[in-house]
Q: 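One structure is given below, represented as structure tokens, and several questions about it will come after.
Each chain gets a letter, A, B and so on, in the order its sequence line appears, and its residues count up from 1. None of these values were measured; they are calculated from a predicted model.
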Amino acid sequence: MTNTTNSIAPNFIKTIVEEDLRAGKNNGRVTTRFPPEPNGYLHIGHAKSICLNFGLAREFSGACHLRFDDTNPIKEDVEYVESIKRDVRWLGFDWGDNLFYASDYFERLHDYAQELIRRDKAYVCSLSAEDIRAYRGTLTEPGRNSPYRDRTVEENLDLFARMRAGEFKDGEHVLRAKIDMASPNVSLRDPVIYRIKKAAHHRTGDAWCIYPMYDFAHCLSDSIEGITHSICTLEFENNRPLYHWFLDALETPCHPEQIEFARLNLSYTVLSKRKLIQLVQDKAVSGWDDPRMPTITGLRRRGVPPEALRTFCDRIGVARADSLVDISMLEHCVREVLNARAPRVMAVLRPLKVIISNYPEDQIDELEAPLHPESPEMGTRVLPFGRELYIERDDFMEEPPKKFYRLAPGREVRLRYGYYITCREVIKNSLGEVVELHCTYDPASRGGGTPDGRKVKATLHWVCAKTAKRATVRIYDHLFTTPNPNEAPEGKDFRHNLNPNSLEILESCLVEPHLAAAETGSRWQFERLGYFSVDPVDSTPEELIFNRIISLRDSWAKVQAAEGKKV
RNA sequence: UGGGGUGUCGCCAAGCGGUAAGGCACGGGUCUUUGGAAUCCGCACUCGGAGGUUCGAAUCCUCCCACCCCAGCCA
């Protein structure tokens, strides 16, 4: 079940940490960091990294820093830093006092850059962006040295100072590390480490007009913070030699180890900030917190409990092979925690009126029903029963196929925690549509049992017409129709695979009165249907709006699908 | 076609020379006042392929194949 041992599942990174500890490395200290760039909202792929980094720190009594990698002011914004902090906290992790920003190190980073110049390991290059690209060579051909590569230390120092002073326009000069233009690893071909960007930074304002690049800032920030294990995703593997090059070229507080793992891919969705931001901008979704989004904020609004995300991250493991995790794995984790915790109530999404013809006109029977049959300590609620009820349209069929064992003409079923009813008459409108059922009930079956012990095949959920409350229910489906949305036909992109039916809004739902007091964000199981939560943004006590978090497993749907296939 | 990686069940993933864990999915049984839950059973003679080393190989060696990453003044 749930991982209560406070330890993360074994994986190769944990093994490395354990070996380092055994070898006495870093004086037995473990310090990790989660280093997001504040240029978008966090998604479930980040949750994997958060659980790994914070989980490691927790397990080995170390620390995990939250550090914003804010070296590109053009893309970044405080809105994102606030959302990231909120999401990490919501996931259940605490960075304590260890909240940092790469921008806090700008002065020190600048000093390191000057030192690199003094050691003749960096130079100011005045090639245009296009020329730098041309000089870099290709994957199969080496690059050529920049004509500015041999500037003197003094000249470089002077030029770099003037870059900082704002004497040049964007792109006029850059500072480059002097490494090897012939390296088969392209990232070592004199990478740019500082560029001029006359842009206001969300934290440093206009104090700077030169900003460090990732490769330079990241390893040094790690070192400044005393990080022991710098965990990142596989696409940074080519940058690892560079990570070490800077730390070896300078005198730094410590030399962390960079370890890469495979990023998460989830079926039927996309996990890339670029693509997610596109969905938001295109208005394909209502925003970053649209309950269909794989963002942390979207999942939270949907009603997914943070614990489900944690167990999910634990179960998918951490490895180096590219993979596409089946979304059913996530769905299983969500159902697992909700099954244990969500109180049970009844709601009818597509109502069909039922008249109990032998039930007294104005009588309301107040039944008592458990909020969770397997956890009696969760208490009970009062369930009113009257002459006029509503059941789910799908629970009645005039001409039932063999495997359908719900209500049908002449058939007897149980109303959950209510009575046994038998369908006597089907009322239709002029179009031939079923609009009402006349049934009779067995007064001896109150509560759902019967003295003679006779069995019924089905138990239906229902709601009492007189006391039910109207509600809107939003049914969510996968955002994309294909397991890997990135595989689109020629000339199309991932948006081609968007599911046009990912949201269905049902506005004439009826819920039992107990739900009238449902709190914002509270999660419920609507019996036989699924788990639902009160939408934190749009729901009001007068106008209840529920989000379907996830359906219940539905073996009847499987039967139908199988029958459909046979035909 | 340079360099760096990865290939174990439909999907994740353990395994690190001693004869293939676990989870999801799937199929079946039991139980059931949710066609839910719970529970039981089944589900890789085989580890990308071909050779080789060894008493013994998913694990070691050789070659081959497939896929991913890298040519931002993004991270």
Side-chain angles (χ1 to χ4, degrees), chain A residues 9-11 35-37 39 69-72 74-75 125 127-129 132-134 136-143 170-176 183-189 191-197 210-211 213-215 217-218 232-241 260 262 264 267 273-274 312 314-333 335-336 339-340 344 346 369 373-374 403-406 414-418 420 445 447-450 455-461 483 525-530 551-559:
Chain A
N11 62 60
E37 183 189 14
N39 66 345
D69 226 332
D70 54 351
T71 57
N72 186 358
I74 290 170
K75 293 187 175 178
C125 181
L127 249 23
S128 67
I132 286 182
R133 193 181 316 123
R136 188 151 34 222
T138 67
L139 295 179
T140 50
E141 307 154 23
D170 285 17
E172 228 176 307
H173 306 281
V174 291
L175 184 67
R176 292 227 254 170
S183 174
N185 182 342
V186 183
S187 66
L188 258 21
R189 318 237 264 228
V192 172
I193 59 180
Y194 263 93
R195 74 291 213 194
I196 301 170
K197 270 185 197 291
I210 56 171
Y211 293 93
M213 297 283 288
Y214 167 85
D215 288 302
H218 202 89
C232 61
T233 45
L234 246 25
E235 63 269 27
F236 291 100
E237 196 166 13
N238 295 317
N239 304 44
R240 194 184 355 164
E260 312 86 14
L264 172 67
S267 64
K273 276 194 213 168
R274 205 204 93 233
F312 170 74
D314 213 53
R315 280 174 199 178
I316 55 174
V318 177
R320 287 174 64 85
D322 292 318
S323 63
L324 178 62
V325 174
D326 196 318
I327 196 153
S328 67
M329 185 85 94
L330 207 213
E331 294 172 344
H332 172 264
C333 294
R335 288 191 183 105
E336 184 179 70
N339 174 53
R344 268 110 245 234
M346 290 195 283
E374 281 150 49
K403 285 178 180 166
F404 181 90
Y405 51 80
R406 276 111 94 145
R414 171 170 40 233
L415 293 183
R416 173 143 250 225
Y417 302 130
Y420 282 16
S445 64
T450 192
K455 299 278 186 225
V456 286
K457 281 282 264 188
T459 299
L460 309 187
H461 60 277
Q525 186 195 96
F526 290 177
E527 291 214 46
R528 302 209 307 134
L529 296 174
S551 68
L552 248 26
R553 285 184 62 214
D554 188 351
S555 42
W556 166 238
K558 273 182 205 166
V559 170

Q: Can you name the residues that form a ring-ring contact (aromatic ring centres under 6.0 Å, His included) with A:His461, not counting sequence neighbours?
A: none

Q: With both distances kept under 3.5 Å, what pairs with B:A44, Watson-Crick or G-U wobble?
A: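 Base-paired to nothing in any strand shown.
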
Q: Give one of base, sugar-phosphate or nothing for A:Lys558, where a contact means two heavy atoms less than 4.0 Å apart.
A: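 Sugar-phosphate, backbone atoms only, no base.
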
Q: Partners of A:Ser323 by side chain to side chain donor-acceptor pair (under 3.5 Å), sequence neighbours excluded?
A: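 Partners of A:Ser323 by the side chain to side chain donor-acceptor pair (under 3.5 Å) criterion come out as none, since no residue qualifies.
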
Q: Rounded to whole Å, how long is the line connecting atom CD of A:Glu237 with atom C1' of B:C67?
A: 15 Å

Q: Distance check: side-chain N/O of A:Arg528 vs OP1/OP2 of B:G35, anything under 4.0 Å?
A: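 A:Arg528 to B:G35 OP1/OP2: side-chain N or O found under 4.0 Å.
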
Q: Nearest heavy-atom pair of A:Ser187 and A:Asn238: which atoms, and what distance?
A: OG-O, 3.0 Å

Q: So among A:Arg416, A:Glu527, A:Arg528, which one has a side chain to side chain contact (heavy atoms under 4.5 Å, CB included) with A:Arg344?
A: A:Glu527

Q: Is A:Arg344 touching bases, backbone alone, or none of the nucleic acid, heavy atoms closer than 4.0 Å?
A: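 Result for A:Arg344 = base.
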
Q: For B:G35, give its Watson-Crick or G-U wobble partner with both distances under 3.5 Å, or none.
A: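 When the pairing criteria are applied, nothing turns out to pair with B:G35, so the answer is none.
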
Q: Is there a donor-acceptor pair under 3.5 Å between the side chain of A:Asp314 and the backbone N or O of A:Ala9?
A: yes

Q: Sugar-phosphate atoms are those with a prime plus P, OP1 and OP2; base atoms are the rest. Using that split, label each nucleotide of nucleotides 70-75 of chain B B, S or - for protein heavy atoms under 4.0 Å, 5' to 3'.
A: BBSBSB

Q: Across the strands shown, which category fits A:Phe404 at heavy-atom distances under 4.0 angstrom: base, sugar-phosphate, nothing?
A: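 Base, at least one base atom sits under 4.0 Å.
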
Q: Check every atom of B:G35, B:G36, B:G27 against the side chain of A:Tyr405 and return the nucleotide holding the closest atom.
A: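 The closest nucleotide is B:G35.
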
Q: Identify, between A:Leu529 and A:Arg553, the residue whose nearest nucleotide on RNA chain B lies closer to the 5' end.
A: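 Its nearest nucleotide being more 5', the pick is A:Leu529.
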
Q: Searching all strands shown, indicate the nucleotide that pairs with B:U6 (Watson-Crick or G-U wobble; both distances under 3.5 Å).
A: B:A66

Q: Apply ring-ring contact (aromatic ring centres under 6.0 Å, His included) to A:Phe312 and list each qualifying residue two or more places apart in sequence or on a separate chain.
A: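 Scan of A:Phe312 (ring-ring contact (aromatic ring centres under 6.0 Å, His included), adjacent residues dropped) gives none.
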
Q: Out of B:G27, B:G35, B:G2, which nucleotide sits closest to the side chain of A:Ser555?
A: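 Given the options B:G27, B:G35, B:G2, the side chain of A:Ser555 is closest to B:G35.
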
Q: If you compare every side-chain N and O of A:His461 against the phosphate oxygens of B:U34 (OP1, OP2), does one of them come in below 4.0 Å?
A: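 No.
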
Q: Can you build the contact string for nucleotides 8-13 of chain B? Use B for base contact, S for sugar-phosphate-only contact, and - for no protein heavy atom under 4.0 Å.
A: ---SSS

Q: Once you round it to whole Å, what is the distance between P of B:G2 and CG of A:Leu188?
A: 19 Å

Q: Establish whether the base of B:G35 is bridged to the side chain of A:Arg406 by a donor-acceptor pair shorter than 3.5 Å.
A: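 In this structure, the two groups form a donor-acceptor pair.
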
Q: Just confirming the chi classification of B:C11, syn or anti, using 90° around 0 as the syn window.
A: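 That one's anti.
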
Q: In sequence, state the C-alpha distance, the side-chain angles, and the governing distance for A:Ser183 and A:Asn185, and then conclude on side chain to side chain donor-acceptor pair (under 3.5 Å).
A: CA-CA 5 Å; A:Ser183 174; A:Asn185 182 342; 5.4 Å; no

Q: Measuring only the P atom in each nucleotide, how far is B:G23 from B:A37? A whole number of Å is fine.
A: 16 Å

Q: Heavy atoms only, 4.0 Å cut-off, all strands: where does A:Gln525 land among base, sugar-phosphate and nothing?
A: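 Base contact - A:Gln525 has a heavy atom under 4.0 Å of at least one base atom.
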
Q: With A:Ala458, which residues qualify under side-chain contact (heavy atoms from CB on, under 4.5 Å), at least two apart?
A: A:Tyr405, A:Arg406, A:Val413, A:Leu460

Q: Going from NE2 on A:His332 to CZ on A:Arg553, what distance comes out if it is rounded to the nearest 0.5 angstrom?
A: 8.0 Å

Q: Starting from the C-alpha separation in whole Å, work towards a yes-or-no answer on salt bridge (Lys or Arg N to Asp or Glu O under 4.0 Å) for A:Glu37 and A:Lys75.
A: CA-CA 9 Å; A:Glu37 183 189 14; A:Lys75 293 187 175 178; 5.7 Å; no

Q: Tell me the partner of B:G18, counting only Watson-Crick (N1-N3 plus N6-O4 or O6-N4) or G-U wobble (N1-O2 and O6-N3) with both under 3.5 Å; none if nothing fits.
A: B:C55

Q: Mind calculating the distance between NZ (A:Lys455) and P (B:G35) to the nearest angstrom?
A: 15 Å

Q: Check the distance between B:G36's P and A:His332's NE2 and give it to me in whole angstrom.
A: 14 Å

